[in-house]
Amino acid sequence: MKYFAWLKQHYEPVLYGLALVLVLLALVKPEIQLRQQVQHYLLIADISQSMNAEDETLKQQAVSRLAYSQHLMKQLVHKSPCGTYFSLGIFASDNIAMLQTPLEVCKNLDVISDGIDHLEWRMAWKGNSRLSFAVHAATHVYDALNQPAQMLFFTDGDEAPRVNVTIKQDLSGVQIGEFFTFIGVGGPQKVAIPRYNSANKRVGDWPVSDNNNAGAVGVTYADPSQDEPDPPVAYAEYDRMLSQLEEDYLKSLADEFKGSYLKGADNEAFYRALAGKPATASFVTDYPLRAIYLLLALLLILATYLPDLRFRRQAAAI
């Protein structure tokens, strides 16, 4: 009883003192760390040269499949809430290389966006493209990650050399299907594949006659002299290598290991579908508390006026 009597007599300094403590906490420790299940996306970009085909549209202008993939990636990054993590990788030939390991989106937005902006075909270490091999490579990448991830593989599904029984892989034993999604980019109509030299200058279109694939098997890009002064290009309309989004192939490939397929589209339905995927990782996340501390401090200060308001109401009633 004595304690309550003392508190009633000294409520103002007590409330001001508590408010001061909260203000100090807002300055000294404005956030706390909690471990929770969060979303972790591993964005994988196919950088084979068929991804340079320009059959996607942004702002009413034709853009390459790779540019469209970059746009979709960046939109997903910008739409994701704080606490979401992103990793970034590239696919060429039969393997996947990691460029960025898990980064929290709000603290590293510029770094993640910059990594996506710099994706290009010259990063490829070989010109061929074998997606079934890439699925096996993805399992090794997945095992090497510190945290599980939803793997989003942006590709047109166009293989070079064309898939056949001699190079087809058995994917029935792959165990990451529930975390793997092919994101299809490209159009349904066959279009020419631009060919660039090592200076990234377009010199024409890929010819059918050049080993019958867009980025001849075994071609490497480490030596710029290999594409100088000008690589061979198609000399007539009928000689151009044509490419399209191989949706049926990507769906059948995903079915083999219980993965999924989703057509890439710059609309809310697409981004909601990705956001709706289950959380995969457990990270220690920083939760900002400064606003909560300051709000509570303000409420404590306002509480010091409550007795005066009550007294005035009683006086007015008399």
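The chain is numbered in sequence order, starting from 1. Computed from a predicted structure; not experimentally measured.
A side-chain donor-acceptor contact under 3.5 Å links D46 and S48. Side chain to side chain, N52 and S64 fail the donor-acceptor criterion of an N or O pair below 3.5 Å. Side chains of Y271 and D266: a donor-acceptor N/O pair is present below 3.5 angstrom, by distance only. Between the side chains of S243 and S50, no donor-acceptor pair is found at a separation under 3.5 Å. A donor-acceptor contact closer than 3.5 angstrom links the side chains of Y261 and E247.
Separation of the Y41 and F86 ring centroids falls under the 6.0 Å cut-off.
Here the closest heavy-atom approach between residue Q49 and residue P194 is recorded as OE1-O, 4.3 Å. Closest heavy-atom contact between L250 and G157: CD2-CA, 3.7 Å. Nearest heavy atom pair, residue V105 against residue S80, reads CG1-O, 4.1 Å. Nearest heavy atom pair, residue P148 against residue H40, reads O-ND1, 3.0 Å.
A donor-acceptor pair is defined here as one N or O able to donate and one able to accept, closer than 3.5 Å; no such pair exists between the side chain of Q244 and the backbone of Q189. With hydrogens and angles ignored, the 3.5 Å screen pairs a side-chain donor or acceptor of R195 with a backbone N or O of P232.
With a 4.5 Å cut-off on side-chain heavy atoms, V77 and L109 count as touching. Inter-residue side-chain proximity for I183 and T155 is flagged as unmet; no heavy-atom pair is nearer than 4.5 Å.
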Chi angles and distances behind the side chain to side chain donor-acceptor pair (under 3.5 Å) call for Q150, K277
CA-CA 8 Å; Q150 288 287 350; K277 289 184 175 296; 4.7 Å; no
Hey, mind stepping through T101 and S87 against side chain to side chain donor-acceptor pair (under 3.5 Å) and telling me if it holds?
CA-CA 5 Å; T101 51; S87 297; over 6 Å; no
V111 vs Q100, test: side chain to side chain contact (heavy atoms under 4.5 Å, CB included). Steps then yes/no.
CA-CA 9 Å; V111 176; Q100 292 177 348; 3.8 Å; yes
Could you please spell out the steps behind the side chain to side chain donor-acceptor pair (under 3.5 Å) verdict for W121 and N200?
CA-CA 9 Å; W121 68 273; N200 207 29; 2.6 Å; yes
Q175 vs Y142, test: side chain to side chain donor-acceptor pair (under 3.5 Å). Steps then yes/no.
CA-CA 10 Å; Q175 302 294 317; Y142 194 85; over 6 Å; no
Between I44 and F154, does the side chain to side chain contact (heavy atoms under 4.5 Å, CB included) criterion hold? Intermediate values first, please.
CA-CA 6 Å; I44 302 173; F154 293 76; over 6 Å; no
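Ionic pairing of D117 and K74 is present here: one or more N-O contacts between side-chain nitrogen and carboxylate oxygen are shorter than 4.0 angstrom. A salt bridge is defined here as a Lys NZ or Arg NE, NH1 or NH2 lying under 4.0 Å from an Asp or Glu carboxylate O, and R65 with D156 meets this definition. Of the charged side-chain nitrogens involved, at least one lies within less than 4.0 Å of a carboxylate oxygen, so that K79 and E268 count as a salt-bridged pair.
Note on ring orientation: taking the six-membered ring where Trp is involved, the planes of F91 and F153 are tilted (angle from 30° to 60°).
Heavy atoms from other residues, nucleotides or ligands lying under 6.0 Å from NE2 of H118 number 12 at most. Other residues, nucleotides and ligands contribute at most 12 non-hydrogen atoms within 6.0 Å of the NZ atom of K258.
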